[in-house]
Q: 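Right, I'll just put the structure down here and ask away after.
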Amino acid sequence: MTDHLPVPGPAAEPAGTAGSATGAAEVTAATPADSVIPAGKYDADLDRLFGAGGPLAPAVGTFKPRQAQTEMAKAVAHAIDNQQVLMAEAGTGTGKTFAYLVPALLWGGKTIVSTGTKNLQDQLFMRDIPTIRAALRAPVSVALLKGRSNYVCHFHLERTLQNGRLTSRDDVGHLREISRFMKMTNSGDKAELAKVPETATVWNLVTSTRDTCMGAECQYYQDCFVMKARREAQQADIVVVNHHLFFADVALKDTGVAELLPSANTIIFDEAHQLPDTATLFFGQSVSTSQVLELCRDVLAEGLAHARGGPDWAKVVTVVEKATRDLRLSFGEGNLRLSLPQIMPTSQFFPALDTLKTELAGMITTLEENAARAETIEACRVRAHDLAAAIEGWKPDAKAPAAEQSVLWAEAFASSLQLHKTPLSIAPIFSNQREGTPRSWIFTSATLAVKNDFKHFSDQLGLTGEPAKTWPSPFDYVNQGLLYVPTGLPEPQAAVYTDAVVDAALPVIEAAGGRTFFLCTTIRAVNKVAERLRVEFAERGWDFPLFVQGERGRTELLDSFRNAGNAVLVGSQSFWEGVDVRGDALSLVIIDKLPFAPPDDPVLAARIEVMEKQGLNGFMHHQLPEAIITLKQGAGRLIRDVDDRGVLMICDPRIITKPYGRRIWQSLPSFKRTRVQEDVLRFFDPVTPASDEIDASAA
């Protein structure tokens with residue numbers, strides 16, 4: 001195996017990244033042969049709107065016409081006009097947000113836009129949509145809809161104020177701020193109250209859940225912020241939601257989206273690569289011992305408050321609490337994930353589960369006998385029934401067709417146990433959701449395909465045969481970036497691997513002047529890397545601020561990183577995507593390992609088993625495409641603008657030594673490539689640009 005990755009010249013772009021004459025690469029691997037999207041009736045309008053003399057340029061100071069953006073907008077408009085599906089991969093810098101919003105605002109009718117996170121929701125609602133609406137003078141109304149836990153609840157706020165049970169000084173101060181906020185806010189959205197951190201524990205006491213909401217029986221129902229947000233969404237032309245909300249609603253009918261779907265003409269999923277995981281989470285079922293213990297606390301409080309002369313409420317809940325804790329203890333100490341077949345038949349888990357079912361049934365009987373005494377006791381009865389049903393439902397469904405079968409698995413944490421029932425495939429479920437009312441479905445992301453092949457994504461969602469296109473990034477990756485795979489590193493499973501990665505990274509971090517994202521595949525690696533870097537920076541006298549995931553909130557860490565200008569940020573999954581740091585503050589992205597799913601994942605193991613029974617290779621057809629899409633997201637943090645320059649350092653030697661390695665790096669941006677550390681040091685040397693010096697002998 002050569003010691004160098006080939007260095008592409010002008011004609012050596014990795015397969016599948018070159019654009020067609022129209023600015024888009026056609027994809028047929030997962031689409032019918034006639035899937036070329038014909039000219040649409042809105043093409044001339046879009047040429048004018050996105051052109052140099054169009055209305056977008058003066059509205060957005062940095063706007064420049066981009067052919068790929070215009071072509072994507074035409075494809076979206078065509079899908080909207082013909083009520084079709086479109087999978088649209090748009091490389092970083094294409095401007096995909098405007099490419100789907102312009103046709104949606106002008107011709108989409110009632111449109112639901114779903115994105116990956118609440119932060120992106122806020123960005124769309126507060127910045128992107130108002131900008132386009134003003135530029136186009138589009139007379140559309142827009143609403144933002146979030147899950148109920150984002151809105152302060154009048155009932156729970158009043159109860160918390162009256163109880164006075166807060167023990168920490170921070171919580172007391174936060175509660176005072178929330179109470180003041182409630183007198184001024186129109187939305188009740190906690191994102192508007194920056195003085196109280198999103199992670200503050202007091203939020204759990206002043207917001208409702210599906211279980212604790214009183215619904216129409218609540219005395220504050222007419223003033224409820226959740227209901228107000230839903231009413232506004234009903235009346236709006238454009239509704240901005242997030243994926244968790246969308247699929248929670250489809251599964252639970254609890255977020256207001258279900259009321260919107262019948263009248264929606266267009267559904268747009270941004271960051272659509274997240275959909276398979278999000279949909280799997282919500283189309284499955286899970287129940288935890290924490291939910292049961294929380295119910296017990298509420299039953300005791302409501303029983304003593306409203307039915308003190310009735311049963312011995314302490315005794316009623318104590319037996320359930322004991323059974324719940326015994327169930328958790330049946331798994332032993334430490335975190336653990338086991339599928340049902342992996343749990344030994346002789347395990348204490350099974351009798352403990354039966355005991356919990358019995359004790360919970362006893363508590364339900366008591367609640368039924370006292371439900372008429374108070375609405376809150378009735379609410380506890382409903383919750384108890386739902387929990388009992390979920391626990392009872394944790395068993396194999398032998399009658400289900402193979403395509404709809406689920407995997408049963410348990411996950412133990414320090415003080416709780418979760419029971420999961422996860423569908424092996426969401427394709428049939430999601431396909432059913434798309435049936436019925438004709439409408440357009442747009443799926444877009446910077447990372448949907450593997451070397452322009454959408455098959456992995458489309459198969460997961462049941463979209464096989466639907467139109468798909470990719471528009472490459474307009475960035476000059478060959479000159480803006482360098483892919484570096486260091487030599488001499490051990491295999492990733494070696495005990496010394498993380499230390500070896502840090503040793504290889506240190507000279508590159510120094511050459512970059514900090515300005516580094518160090519992305520790891522596990523929290524354990526994050527902690528080990530951070531520990532090593534603290535020691536090394538101190539010993540070497542390097543003044544690089546070090547920020548570590550978990551020490552502060554993500555937004556605060558990113559703001560500090562940007563402001564420092566020479567910092568190193570160590571993070572895992574939440575920093576691999578949805579993070580935008582432009583300019584000189586970020587010039588080096590280090591990835592410790594290829595992001596393969598953990599081998600102990602029970603759902604992954606079950607899916608691979610099914611695929612291999614069908615004659616497919618589970619690794620090549622599922623694990624590898626998943627890892628490539630995740631890696632593309634991590635790599636996408638590096639070059640965010642036309643003037644950005646940087647190095648992507650992938651430490652995992654398997655990208656070179658394994659036969660599948662070529663498929664991985666050919667799916668990444670078309671950076672120049674090297675395995676020589678001196679090339680990287682020269683890249684960061686402003687006197688001798690590396691782009692003129694890199695050894696191309698292996699090209």
Q: Looking at T117, is its backbone amide N or carbonyl O close enough to the side chain of N242 to form a donor-acceptor pair, meaning the two atoms are under 3.5 Å apart?
A: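 Checked: no pair found.
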Q: Are V60 and I132 close enough, and set up right, to give a side-chain contact (heavy atoms from CB on, under 4.5 Å), and what steps lead you there?
A: CA-CA 9 Å; V60 185; I132 294 173; over 6 Å; no
Q: Please name the pair of heavy atoms, one in R133 and one in V140, separated by the smallest distance, quoted to 0.1 Å.
A: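 Heavy-atom minimum between the residues: NH1-O, 3.1 Å.
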Q: Mind listing the closest non-hydrogen atom pair of I628 and S667 along with its distance?
A: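 Where I628 meets S667 most closely, the heavy atoms are CG2-CB, 3.6 Å.
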Q: Could you tell me whether a side-chain N or O of E232 sits under 3.5 Å from a main-chain N or O of A143, the two making a donor and an acceptor?
A: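 No, the answer is negative, given that no donor and acceptor are paired below the 3.5 Å cut-off.
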Q: Checking the side chain of K658 only, and the main-chain atoms of P653 only, is there a donor and an acceptor separated by less than 3.5 Å?
A: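 Not confirmed, K658 side chain does not pair with P653 backbone.
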Q: Backbone N or O of A77 within a donor-acceptor pair of the D81 side chain at under 3.5 Å?
A: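 The answer is no, because no donor-acceptor pair under 3.5 Å joins these two groups.
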Q: Take atom CD in Q573; do more than 12 heavy atoms of anything else shown fall under 6.0 Å from it?
A: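 No, not enclosed.
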Q: Is the shortest distance from a Lys or Arg side-chain nitrogen in K146 or D122 to a carboxylate oxygen in the other one below 4.0 Å?
A: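 A salt bridge is present here (some side-chain N lies under 4.0 Å from a carboxylate O).
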Q: Flag the pair Q633 / S445 as yes when at least one side-chain heavy-atom distance between them is below 4.5 Å, and no otherwise.
A: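 Of all side-chain heavy-atom pairs linking S445 with Q633, at least one is under 4.5 Å.
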Q: Looking only at heavy atoms, which two atoms of A229 and L144 are closest? And how far apart?
A: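 Nearest heavy atoms, A229 then L144: CB-O, 4.4 Å.
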Q: Given the side-chain rings of F619 and F596, with only the six-membered ring counted for Trp, is the space between their centroids under 6.0 Å?
A: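 F619 vs F596: aromatic centres under 6.0 Å.
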Q: In Å and rounded to the nearest 0.5 Å, what is the CH2 to CD distance from W471 to Q69?
A: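 Answer rounded to 0.5 Å: 11.5 Å.
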Q: E89 versus F454: any side-chain heavy-atom pair under 4.5 Å?
A: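 SC-SC contact between E89 and F454 confirmed.
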Q: If you measure from the Lys or Arg side-chain nitrogens to the Asp or Glu carboxylate oxygens, is any gap between R654 and D652 under 4.0 Å?
A: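 The answer is yes: the pair qualifies as a salt bridge.
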Q: Keeping R645 on the side-chain end and Q480 on the backbone end, is there a donor-acceptor pair under 3.5 Å?
A: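 No, R645 side chain to Q480 backbone: no donor-acceptor pair under 3.5 Å.
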Q: Specify the closest pair of heavy atoms between L588 and L638, including all atoms of both residues, with the distance to one decimal.
A: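 Minimum heavy-atom contact is N-CD1, 4.0 Å.
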Q: Starting at OG1 of T444, measure out to CG of L86 and round the result to the nearest 0.5 Å.
A: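 Rounded to the nearest 0.5 Å, the OG1-CG separation comes out at 8.0 Å.
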Q: Cation-pi check, R637 to F575: give yes when NZ or CZ is under 6.0 Å from the six-membered ring centre and within 45° of the ring axis, no otherwise.
A: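 No, R637 does not sit over the ring of F575.
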Q: Work out which heavy atom in G565 is nearest to a heavy atom in R515; give both atom names and the distance.
A: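 Nearest heavy atoms, G565 then R515: O-CG, 3.3 Å.
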Q: Measuring from atom CG of D584 to atom CG of N566, what distance do you get when rounded to the nearest 0.5 angstrom?
A: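 Here the interatomic distance stands at 11.5 Å.
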Q: Could you list the residues that satisfy ring pair (Phe, Tyr, Trp, His ring centres under 6.0 Å) with H621, not counting sequence neighbours?
A: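 Applying ring pair (Phe, Tyr, Trp, His ring centres under 6.0 Å) to H621 gives none.
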Q: Got a donor-acceptor contact below 3.5 angstrom from the S473 side chain to the T92 backbone?
A: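 It does hold such a pair.
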Q: Do Q623 and Y660 come within less than 4.5 Å of each other through their side chains, counting heavy atoms only?
A: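 No; the side chains remain at least 4.5 Å from each other.
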Q: For D685, is there an ion pair with R682 - N to carboxylate O distance below 4.0 angstrom?
A: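 Salt bridge flag = no for D685 with R682.
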Q: Side-chain contact, heavy-atom cut-off 4.5 Å: H273 with E577?
A: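 Touching, per the 4.5 Å side-chain cut-off.
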Q: To the nearest 0.5 Å, tell me how far D453 CG sits from L448 CG.
A: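 If I round to the nearest 0.5 Å, the distance is 12.0 Å.
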Q: Could you work out, with salt bridge (charged side-chain N to carboxylate O under 4.0 Å, His left out) as the rule, every residue matching D641, not counting sequence neighbours?
A: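 D641 satisfies salt bridge (charged side-chain N to carboxylate O under 4.0 Å, His left out) with R582 only.
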Q: Any side-chain heavy-atom pair from P486 and Q677 closer than 4.5 angstrom?
A: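 Counting from C-beta outward, P486 and Q677 never come under 4.5 Å.
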Q: How far apart are the C-alpha atoms of L558 and V581, what are their side-chain angles, what is the distance that settles it, and do they pass the side-chain contact (heavy atoms from CB on, under 4.5 Å) test?
A: CA-CA 8 Å; L558 283 171; V581 179; 4.2 Å; yes
Q: When rounded to the nearest 0.5 angstrom, what is the spacing between CD1 in I650 and NZ in K593?
A: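 The NZ atom of K593 is 15.0 Å from CD1 of I650, to the nearest 0.5 Å.
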Q: Looking only at side-chain N and O atoms, does T278 offer a donor or acceptor that is under 3.5 Å from a partner on H243?
A: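 No, T278 and H243 have no side-chain donor paired with an acceptor closer than 3.5 Å.
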Q: T266 and S440: side-chain donor and acceptor closer than 3.5 Å?
A: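 Distance-only check passes for T266 and S440.
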Q: Would you call V508 and I590 a side-chain contact if the rule is heavy atoms closer than 4.5 Å?
A: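 No, side chains not in contact.
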Q: Under the side-chain contact (heavy atoms from CB on, under 4.5 Å) criterion, do V450 and L624 qualify, and how do the steps go?
A: CA-CA 9 Å; V450 177; L624 184 59; over 6 Å; no
Q: Just how far is it from atom CZ of F683 to atom CG of L482, taken to the nearest 0.5 Å?
A: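 The distance works out to 6.0 Å.
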Q: If you define the side chain from C-beta out and look only at heavy atoms, does anything of H244 sit under 4.5 Å from L281?
A: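 Of all side-chain heavy-atom pairs linking L281 with H244, at least one is under 4.5 Å.
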Q: Tell me whether D644 contacts the main-chain N or O of G583 through its side chain, where contact means a donor paired with an acceptor under 3.5 Å.
A: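 Such a contact is found between D644 side chain and G583 backbone.
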Q: So, does S572 use its side chain to make a donor-acceptor pair with the main chain of C520 at under 3.5 Å?
A: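 Between the backbone of C520 and the side chain of S572 there is no qualifying donor-acceptor contact (under 3.5 Å).
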Q: State whether the side chain of T111 and the backbone N or O of G109 hold a donor-acceptor pair below 3.5 Å, judged by distance alone.
A: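 Answer holds: yes.
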Q: For side-chain contact (heavy atoms from CB on, under 4.5 Å), just list the numbers for R66 and T94, CA-CA rounded to whole Å, side-chain angles, deciding distance to a tenth of an Å, and then say yes or no.
A: CA-CA 7 Å; R66 282 164 281 189; T94 303; over 6 Å; no
Q: Tell me the closest heavy-atom pair linking A564 and F547, and the distance in Å.
A: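 Shortest heavy-atom separation between A564 and F547 comes out as CB-CE1, 4.4 Å.
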Q: With ring pair (Phe, Tyr, Trp, His ring centres under 6.0 Å) as the criterion, how do F282 and F246 come out once you've worked through the C-alpha distance, each side chain's angles and the decisive distance to 0.1 Å?
A: CA-CA 9 Å; F282 285 104; F246 187 93; over 10 Å; no
Q: Would you call the rings of F443 and W441 parallel, tilted or perpendicular, taking 30° and 60° as the class edges?
A: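 Ring orientation of F443 relative to W441: parallel.
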Q: Is N150 reaching over with its side chain to a backbone N or O of G147, donor-acceptor style, under 3.5 angstrom?
A: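 Answer holds: yes.
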Q: Scan for salt bridge (charged side-chain N to carboxylate O under 4.0 Å, His left out) pairs involving residues 261-281, sequence neighbours excluded, and state none if there are none.
A: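 Counting only pairs at least two positions apart or across chains, the salt bridge (charged side-chain N to carboxylate O under 4.0 Å, His left out) contacts touching residues 261-281 are K96-D270, K96-E271.
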